[in-house]
Amino acid sequence: MQCSWKAIILLALASIAIQYTAIRTFTSKSFPMCPVPNPANCSLGLDPTDSPDKLCEDNQLLTSNFSRKIHILILATTRSGSSFLGQLFNQHSDVFYLFEPLYHVQYTLIPKMPQNKSPSDRRVMLGASRDLLRSLYDCDLFFLENYIKPQPVNHTTDKLFRRGASKALCSYPVCDALGPTDIYLEEGDCAKKCNSLNLTLATEACKDHGHMAIKTVRVPEVNDLRALIEDPRLNLKVIQLVRDPRGILASRSETFRDTYRLWRIWRATGRKPYNLDVSQLTMVCEDFINSISTGFSRPPWLKGRYMLLRYEDVARNPMKKMEEIYDFVGIPSDGNVERWILNNTRGDLSSARHKYGTVRNSAATAESWRLTLSYDIVEFTQNACGDVLTQLGYKTVGSSQELRNMTFSLIEDRAFTPFL
Ligand SMILES: *[C@@H]1O[C@H](CO)[C@@H](O)[C@H](O)[C@H]1NC(C)=O
Ligand SMILES: *[C@@H]1O[C@H](CO)[C@@H](O)[C@H](O)[C@H]1NC(C)=O
Ligand SMILES: *[C@@H]1O[C@H](CO)[C@@H](O)[C@H](O)[C@H]1NC(C)=O
Ligand SMILES: *[C@@H]1O[C@H](CO)[C@@H](O)[C@H](O)[C@H]1NC(C)=O
Ligand SMILES: *[C@@H]1O[C@H](CO)[C@@H](O)[C@H](O)[C@H]1NC(C)=O
Ligand SMILES: *[C@@H]1O[C@H](CO)[C@@H](O)[C@H](O)[C@H]1NC(C)=O
């Protein structure tokens with residue numbers, strides 16, 4: 001019986017592969033292949049039934065200068081402030097924003113996976129994730145139907161994960177409860193008042209927007225996106241959001257109380273549980289170090305396509321960072337974004353928010369982990385993630401006095417200028 005667990009894993013991997021192959025086969029018509037060189041037309045959200053020749057033969061387009069659709073990916077990890085960053089795109093009137101569509105890939109292929117569990121499981125998702133992202137950036141929202149359970153009927157579903165986090169999906173005409181002059185519904189109201197999501201309407205709304213942004217915490221590192229970044233049919237700009245791993249750990253312990261129970265026991269008892277799953281922390285740091293090392297080494301394929309952003313900098317100076325972000329992606333900013341920042345980053349926001357809420361006093365929360373983590377845990381994190389802290393400019397502390405002394409900040413001033 002020694003080998004049986006291996007057999008089970010192989011079987012599981014095989015079944016994932018089969019499911020995935022089946023999905024690919026049924027949907028292979030989806031994304032038109034475009035022979036280079038005339039990629040420009042292929043990222044405009046074309047009808048997938050058009051033949052590739054028809055899409056790409058038109059040479060005059062090489063010389064015409066229409067503004068090209070920009071595809072933004074927010075590459076983040078849970079509790080790093082990605083909902084907040086996502087809002088900076090979601091609020092823009094010419095950006096179609098999707099919140100975490102890869103959730104559906106994960107729950108189809110690896111239904112039991114808790115937060116960031118095993119590295120091999122995460123790898124299993126990557127091929128499927130890249131295909132889905134490619135299709136979504138082409139405004140083919142129907143591709144999602146392969147992963148939504150129960151499978152949508154008549155291209156309609158009420159099971160899209162966090163639909164309400166996407167302004168375009170909570171506005172007229174995609175939300176049928178609204179008229180042309182109504183403003184969009186906030187997340188809770190959207191879920192309650194809009195009827196099932198008509199994916200045909202959502203696809204049209206996507207095509208009506210000049211640009212598209214997708215947020216995900218389900219891609220480990222920027223190297224995993226190389227195929228998409230180099231894909232001439234896309235015009236991908238990756239914004240990697242990082243955060244002090246000590247802050248991530250504190251925030252996750254509060255938010256995912258079951259999954260991070262042992263960390264909270266450590267904090268409460270002062271004793272490190274023998275069965276603590278340290279990979280919940282080390283995996284974050286490994287992913288960060290792999291990504292930022294790639295970013296800092298400036299390989300040609302990342303030129304103009306990668307921006308590194310610290311959550312703490314966004315929290316301290318959201319308006320300035322927002323401008324830098326829009327400069328980098330090359331889209332004119334929009335008054336809605338500015339208004340949203342003004343309305344949502346001041347203190348004194350007492351109204352109740354659920355755990356993924358983006359609305360809070362952002363600057364004050366960025367270093368609040370210093371008051372909640374114990375020094376033991378901080379020290380452990382500093383040892384496990386030393387490289388990341390150094391590279392990203394987060395100071396370590398040497399005592400619990402230093403840890404709790406909020407008069408000096410642990411965030412060094414660093415400018416991570418994008419590689420243009
Ligand atoms: C390519 O895009 C341009 C600009 O949007 C459009 O005018 C043209 O019809 C498109 N060509 C094809 C073959 O779809
Ligand atoms: C191309 O863009 C430039 C700068 O935006 C503009 O001056 C020019 O008129 C455009 N050309 C065409 C053919 O649209
Ligand atoms: C789907 O559309 C068909 C044809 O319009 C209709 O008969 C059927 O009832 C619809 N199914 C559902 C679940 O709405
Ligand atoms: C979804 O919207 C499309 C476009 O308006 C419409 O033709 C279709 O009937 C709608 N589907 C359902 C199930 O209502
Ligand atoms: C500002 O936020 C409040 C509370 O969330 C909301 O009621 C109001 O409509 C917002 N104003 C603007 C201009 O977004
Ligand atoms: C806190 O840090 C500041 C600046 O380093 C220092 O001047 C002050 O004495 C410290 N306070 C305590 C209570 O350690």
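Note that ligands are numbered from 1 as they come in the structure, with each ligand's atoms numbered from 1 the same way.
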Worksheet item: What about Y326 and F89, are their ring centers closer than 6.0 Å?
Response: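 Yes; F89 has its ring centre under 6.0 Å from that of Y326.
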Considering non-hydrogen atoms of the protein only, which is the closest contact for [atom], and what is the distance?
| atom | answer |
| --- | --- |
| atom 5 (O) of ligand 3 | N154 ND2, 4.6 Å |
| atom 11 (N) of ligand 4 | N198 ND2, 3.0 Å |
| atom 13 (C) of ligand 3 | V153 CG1, 3.6 Å |

Worksheet entry | Distance in Å, R305 CZ paired with N235 CG, rounded so as to fall on 0.5 Å steps |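 Taking CZ in R305 and CG in N235, the distance rounds to 5.0 Å.
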Practice prompt. Within a distance under 4.0 Å of any heavy atom of T407, pick out the atoms of ligand 6 and give their elements.
Written response: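 So the answer, numbered in order with elements, is 1 (C), 2 (O), 3 (C).
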Worksheet entry | ligand 6 atoms in contact with N405 (distance to a heavy atom under 4.0 Å) |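 Answer for ligand 6: 1 (C), 2 (O), 3 (C), 8 (C), 10 (C), 11 (N), 12 (C), 14 (O).
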Item to complete: Show which atoms of ligand 4 fall inside a sub-4.0 Å distance from at least one heavy-atom site of T156.
Response: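 With T156 as reference, the close atoms of ligand 4 come out as 13 (C).
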Worksheet item: Relative to the ring of F84, is the ring of Y311 parallel (under 30°), tilted (30 to 60°) or perpendicular (over 60°)?
Response: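 Perpendicular.
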Worksheet item: Parallel under 30°, tilted from 30 to 60°, perpendicular over 60°: which one fits the rings of H155 and F142?
Response: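 Tilted: the ring planes of H155 and F142 meet at 30° to 60°.
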Item to complete: Could you verify whether a donor N or O on one side chain and an acceptor N or O on the other, from E367 and S409, lie under 3.5 Å apart?
Response: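 Distance-only check passes for E367 and S409.
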Discussion item. When you compare the side chains of N405 and E402, does any donor N or O come within less than 3.5 Å of an acceptor on the partner?
Written reply: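 There is no such pair (donor and acceptor under 3.5 Å, judged by atom type) between the side chains of N405 and E402.
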Item to complete: Give a yes or no on whether atom 2 (O) of ligand 3 lies under 4.0 Å from any heavy atom of the protein.
Response: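 It does; a protein heavy atom is within 4.0 Å.
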Item to complete: Would you confirm whether any non-hydrogen atom of the protein falls under 4.0 Å from atom 9 (O) of ligand 6?
Response: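 No.
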Worksheet item: For D258, does the CG atom have more than 12 heavy-atom neighbours from other residues, nucleotides or ligands under 6.0 Å away?
Response: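 Atom CG in D258 is not crowded, with 12 or fewer foreign heavy atoms closer than 6.0 Å.
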Worksheet item: Among L197, T203, L201, whose heavy atom sits nearest atom 4 (C) of ligand 4?
Response: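 It is L201 that holds the nearest heavy atom.
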